[in-house]
Amino acid sequence: MPRRPQTTPRNRDVPQERIRATVDCIPEGRVASYGQVAAEAGLPGRARLVGRLLGELADGSRLPWHRVVNAAGKSSLDPASPSGREQRRRLEREGVEFRASGSIDLARFGWRP
DNA sequence: GGATTGACGGGAG
DNA sequence: ACTCCCGCCAATC
């Protein structure tokens with residue numbers, strides 16, 4: 001019987017491509033949670049896959065990775081790290097406001113597809 | 001090939 | 001708001 005390839009290089013990229021495409025859909029000035037991105041990509045419950053993917057993006061990626069935050073409306077990066085500050089800088093430039101606690105009001109800035 | 005590790009999430013207490 | 005716990009699963013030890 002022909003064996004069903006489980007994790008060949010080709011089909012490994014399918015979920016990743018769906019996630020990429022979804023992140024690319026988040027409009028300026030809006031944020032989406034990892035779980036939301038996963039669900040929109042047709043991969044409910046796979047929030048961690050979104051996080052892993054974004055973590056592996058090359059520096060020059062044009063994907064709007066900064067528009068993805070966790071379900072609490074906060075960045076999952078260390079705010080003091082270069083990428084953490086970059087994320088906030090980019091979001092603020094798009095008009096996203098941060099509370100003193102560092103969280104974002106998802107009711108106002110959350111992406112509603 | 002088992003155990004650990006996460007840019008996560010939701011529920012319970 | 002916070003801790004603990006469990007489900008999730010590809011990558012890495």
Side-chain angles (χ1 to χ4, degrees):
Chain A
M1 288 292 275
R3 308 253 51 244
R4 191 120 225 316
Q6 311 196 8
T7 307
T8 62
R10 194 199 303 287
N11 63 27
R12 182 191 58 195
D13 292 338
V14 175
Q16 301 183 4
E17 283 308 313
R18 300 175 63 104
I19 291 170
R20 267 182 53 90
T22 302
V23 172
D24 221 11
C25 285
I26 309 172
E28 254 186 68
R30 286 272 151 117
V31 297
S33 72
Y34 295 90
Q36 183 182 6
V37 170
E40 280 294 319
L43 301 163
R46 309 278 312 268
R48 302 191 87 137
L49 184 58
V50 176
R52 174 149 16 86
L53 199 63
L54 296 188
E56 289 172 357
L57 286 179
D59 284 0
S61 174
R62 62 159 179 46
L63 217 66
W65 56 268
H66 59 284
R67 298 183 188 139
V68 184
V69 297
N70 61 37
K74 293 178 71 173
S75 169
S76 285
L77 281 64
D78 179 352
S81 69
S83 50
R85 287 183 307 179
E86 173 70 2
Q87 179 172 33
R88 177 159 181 157
R89 188 184 71 74
R90 289 192 188 188
L91 288 175
E92 288 184 323
R93 192 168 56 179
E94 297 180 357
V96 175
E97 297 170 27
F98 288 74
R99 298 190 184 93
S101 62
S103 67
I104 297 165
D105 186 348
L106 296 182
R108 295 173 60 199
F109 303 106
W111 176 37
R112 290 182 280 285

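Reckoned from all heavy atoms, side chains included, excluding hydrogens, waters and symmetry mates. Sequence lines set the chain letters: A, B, ... in the order given, protein chains first and strands last, and positions in each chain run from 1. Model, not experiment: these values are computed from the prediction.
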Specify the separation, in whole Å, of atom [atom1] of [X] and atom [atom2] of [N].
X: A/N70; N: B/dA7; atom1: CG; atom2: P; value: 12 Å
X: A/L57; N: B/dA7; atom1: CG; atom2: C1'; value: 10 Å
X: A/Y34; N: C/dA10; atom1: OH; atom2: P; value: 19 Å
X: A/W65; N: B/dA7; atom1: CH2; atom2: P; value: 14 Å
X: A/L54; N: B/dG6; atom1: CG; atom2: P; value: 17 Å
X: A/L43; N: C/dG7; atom1: CG; atom2: C1'; value: 16 Å
X: A/R90; N: B/dA7; atom1: CZ; atom2: C1'; value: 14 Å
X: A/H66; N: B/dA7; atom1: NE2; atom2: C1'; value: 14 Å

Counting only side-chain N and O atoms of A/S33, is one of them less than 4.0 Å from OP1 or OP2 of B/dG9?
yes

For B/dG9, does OP1 or OP2 lie under 4.0 Å from any side-chain N or O of A/R46?
no

Quick check on DNA chain B: between A/A72 and A/R52, whose nearest nucleotide comes earlier from the 5' end?
A/R52

Sidechain-backbone polar pair: A/R67 side chain, A/I26 backbone, donor-acceptor under 3.5 Å:
yes

Distance-only, no hydrogens or angles: does the A/S61 side chain make a donor-acceptor pair with backbone N or O of A/L57 under 3.5 Å?
no

Roughly how many Å apart are B/dG1 and C/dC8, using the P atom of each and rounding to a whole number?
22 Å

Quick one: label A/G35 by what it contacts on the DNA or RNA (base, sugar-phosphate, nothing), any heavy atom closer than 4.0 Å.
sugar-phosphate

Would you give the length of the straight line joining atom CG of A/D24 to atom CZ of A/R62, rounded to the nearest 0.5 angstrom?
5.0 Å

With a 3.5 Å cut-off and no angle check, do the side chains of A/S75 and A/Q87 form a donor-acceptor pair?
yes

Would you kindly check if the NZ (Lys) or CZ (Arg) of A/R48 is within the cone defined by 45 degrees around the ring axis of A/Y34 and under 6.0 Å from the six-membered ring centre?
no

Nearest heavy atom decides the nucleotide; on that basis, is A/E56 or A/R48 closer to the 5' end of DNA chain C?
A/R48

